[in-house]
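See below for the structure under consideration.
In the text below, chain A, chain B and the rest are named by the order of the sequence lines, each starting its count at 1.
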Protein chains: 2
Amino acid sequence: MAESDILERFGERVRKLRKKQGYSQEDFAHACELDRSYMGGIERGERNVALRNLQRIAETLGITLSQLMKGI
Amino acid sequence: MAESDILERFGERVRKLRKKQGYSQEDFAHACELDRSYMGGIERGERNVALRNLQRIAETLGITLSQLMKGI
DNA sequence: TTGTGACTTTTAGTCCGTC
DNA sequence: GGACGGACTAAAAGTCACA
């Protein structure tokens with residue numbers, strides 16, 4: 001399924017941006033007010049994240065949703 | 001809740017782009033392979049759409065996810 | 001510090017309809 | 001052509017313990 005790639009690509013994108021800002025997965029999850037294991041699932045491409053959580057992630061990274069989606 | 005605005009802004013964005021391409025709501029929903037009542041809910045800002053469906057909507061509109069999210 | 005399985009609760013998303 | 005509702009099923013949200 002080609003679409004499942006979108007979750008993986010998104011996960012990689014989050015992981016990259018998160019690391020770039022020096023967060024551990026746990027600290028980042030906490031900053032997003034999400035559970036650590038949920039965030040882990042996102043980065044591994046296992047979660048089909050919806051708009052509200054996408055927005056939280058973008059906000060925590062200090063970027064727009066559009067920027068977060070770049071290259072996805 | 002400030003985040004609920006994101007759903008409304010997204011709904012307006014979809015409606016605008018959909019109309020620009022001359023689709024009726026029903027035809028557009030069908031083109032996205034989504035239910036018409038669901039698409040109505042999206043445009044009314046009542047639905048917290050997840051990544052896979054965001055991608056379908058973007059594809060149907062012929063734009064990238066990043067472009068779809070512009071201004072959201 | 002992260003992966004992962006198992007799980008419950010909440011909501012996404014469908015399908016029927018009416019106005 | 002679109003708003004809106006009820007009833008339903010599938011899947012997302014969210015949590016925990018252990019490797």
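- One atom, CE of M39(B), and another, P of dT14(C), lie 9 Å apart when rounded to the nearest Å.
- Taking atom OH of residue Y38(A) and atom C1' of nucleotide dG3(C), one finds them 17 Å apart after rounding to whole Å.
- Comparing N48(B) and S24(B), the nucleotide of DNA chain D nearest to each residue sits closer to the 5' end for S24(B).
- The shortest heavy-atom contact between Q25(A) and R18(A) is N-NH1, 3.3 Å.
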With both pairing distances under 3.5 angstrom for Watson-Crick or G-U wobble, and | for a partner in another strand, the correct string for DNA chain D is .||||||||||||||||||
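- Sequence order on DNA chain D of the closest nucleotides to E43(B) and R47(B) puts E43(B) first from the 5' end.
- For residues 12-21 of chain A, proximity to DNA chain C is found at R15(A), R18(A), defined as any non-hydrogen atom under 4.0 angstrom from a strand atom.
- Residues A29(A) and M39(A) approach most closely at CB-CB, 3.8 Å, considering heavy atoms.
- Across K16(A), K19(A), R13(A), R15(A), a single residue satisfies salt bridge (charged side-chain N to carboxylate O under 4.0 Å, His left out) together with E43(A), and that is R15(A).
- A distance of 6.5 Å separates CG in L61(B) from SG in C32(B), rounded to the nearest 0.5 Å.
- Atom CZ of residue R44(B) and atom CD of residue E12(B) lie 13.5 Å apart, to the nearest 0.5 angstrom.
- Looking at I57(A) and L17(A), their side chains never come closer than 4.5 Å, going by heavy atoms from C-beta outward.
- We find that CG of L34(B) is positioned 11 Å from P of dC15(C), with the value rounded to whole Å.
- Using a 4.5 Å heavy-atom threshold, the side chains of M69(A) and L51(B) count as touching.
- One donor-acceptor pair, N or O on each side, does fall under 3.5 Å between the base of dG17(C) and the side chain of R36(B).
- Under the 4.5 Å side-chain criterion, counting only non-hydrogen atoms from C-beta, L65(A) is in contact with I6(B).
- The NE2 atom of H30(B) lies 11.0 Å from the OG atom of S24(B); values are rounded to the nearest 0.5 Å.
- A heavy-atom distance below 4.5 Å is not found between the side chains of E33(A) and T60(A).
- Spacing between atom CZ of R52(A) and atom P of dT10(C) amounts to 15 Å, rounded to whole angstrom units.
- D35(A) comes within 4.0 angstrom of a base, heavy atoms only.
- Under 3.5 Å, the side chain of S37(B) and the base of dC16(C) form no donor-acceptor pair of N or O atoms.
- Nucleotides of DNA chain D lying under 4.0 Å from heavy atoms of chain A occupy a range whose first and last members, 5' to 3', are dA12(D) to dC18(D).
- Here the closest heavy-atom approach between residue N53(A) and residue L34(A) is recorded as OD1-CD2, 3.7 Å.
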